[in-house]
Amino acid sequence: MISKTFASLRLPINKHRNKISIAYLCTKYFFMSFESLGLSHNIIRSVKKLGYLKPFPIQEQSVPVILQGKDLMGIAQTGSGKTACFVMPILEKLQNTEMKKNRNIQVLILVPTRELAIQIDEVFRAFTDNLKREVRTMAVYGGVSINPQMKGMFGVEVLIATPGRLLDLIDHNALKISEIQHLVIDEADKMFQLGFGEEMNKLFAMMPVAKQTTLFSATLNDKVAEMKERLSINPIIIEIKKEEVEIDNIEQLAYHVAPENKGPFLRYLIKEKKVEKALIFVSSTRAADNLVEKLKKNKIKAVAIHSQKSQGARRNNLEEFKSNGAQILVATDLIGRGIHIESLPCVINYELPRSPLDYIHRIGRTGRAGEKGTAINILTDDELQHFRVIQKKMGRKVTLQRTEDINLHGY
Ligand code: AMP
């Protein structure tokens, strides 16, 4: 039986809920593979291209259920990997059906916002390259002209839509949802928060009764529970339990360096501050390779894992780091999310991540299970403003330490 674990940080990011869910911090699932979920090699090829090492907990549990054609309700946060949970099995099934050449949508994904619609469409497109046949997907939302959306609808099989615009399109006879096979409602709780309840009811009335329904919500409130009744479904409920990581267990440090001193300062830290083992984050695969080369030249055993490395190379490098064969593991955000290492003492941000949430994901690799950890940021002038934003979102202030008096000669 797969155990369910989730991670959250105690951070006052949301005034009402001072916890942030970060599902993929948890990876007790290290030996599970995408293959074992029942996905074919066409899908797996895309998974590998995206650099996913192994399924996230929610994927592990949801994908087989959706493949079996069962209704599902997943309680999962943004960032838990829930999009791929439905994208992979939906495409798996669609590729084995005949291509539709009409305006009857096969798969409808209802979302609360334009941003989410675009994001989900991108994930679908990332997976469609290797399929047995072309599958057309499209995202439609309000705030833009309806005409191109109407014109582009012919042959679309997977439609990702916000409720209001979808109703408009149906009113214009641009499409039909009376034959959909699969309905996905993403961020169901947000749908109600944004007042889409009535519009959704109208849409439900236009759909066939016999269809597969997948529902994702960050919370299971009364309105979401009511939706089950409204749709007459009795779904399998998958809820990923939360494991709490205390941000207070993580000592956060920030050093201000000149751009040309970033590398030398990192090596100084590793050598002089006796950083025995550290996970270093960078923002690109190229930066990861360059950093590893530099560290090796300076006799520091380092390995990298990123999406450009083969599955085998990644596994070997991770094992080398875990077994203390390598002192440093350099990773990008995408790959870093899939990593779990017991008692990791130190995380270094050699380059800051784009979003504050990614910052939290990164530093949450250390200071786990009641242990103390250290998160170090090496910052140049042009990163300071972004670091201020991160601190504000995190609700923690990190003192910036100057480094110009440190003699970096020889590092
Ligand atoms: P989502 O919750 O669907 O928005 O996904 C959050 C992020 O996790 C996205 O950037 C995905 O590309 C990434 N992601 C999803 N599944 C995996 C996986 N199995 N391994 C690594 N990254 C993943």
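Read the numbers this way: they start at 1 and go in the same order the structure lists the ligands and their atoms. Quick caveat: nothing in here was measured; it's all calculated off a predicted structure.
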Please identify which atoms of ligand 1 are closer than 4.0 Å to at least one heavy atom of [X].
X: Lys54; result: 18 (C), 19 (N), 20 (N)
X: Phe34; result: 19 (N)
X: Gln119; result: 4 (O)

**Asked** So, is Gly81 polar-close to ligand 1, with some N/O to N/O distance under 3.5 Å?
**Response**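 So ligand 1 has an N or O lying under 3.5 Å from an N or O of Gly81.
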**Message:** Could you check whether any side-chain N or O of Thr219 sits under 3.5 Å from a backbone N or O of Asn221, counting only pairs where one atom can act as donor and the other as acceptor?
**Reply:** no
**Item:** Presence of salt bridge, Asp121 and Arg125, under 4.0 angstrom
**Value:**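 A salt bridge is present here (some side-chain N lies under 4.0 Å from a carboxylate O).
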**Prompt:** Taking only residues two or more places apart in sequence or in another chain, which ones pass salt bridge (Lys or Arg N to Asp or Glu O under 4.0 Å) with Lys211?
**Reply:** none
**Request:** Measure from atom 3 (O) of ligand 1 to every heavy atom in Thr83, Asp186, Leu116, Val87 and give the option owning the shortest one.
**Result:** Thr83
**Asked** How about Asn234: does its CG atom have over 12 heavy atoms from other parts shown lying under 6.0 Å from it?
**Response** no
**Request:** Output all residues satisfying side chain to side chain contact (heavy atoms under 4.5 Å, CB included) with Lys48, sequence neighbours left out; order by chain, then residue number.
**Result:** Glu35, Ile44, Gln311
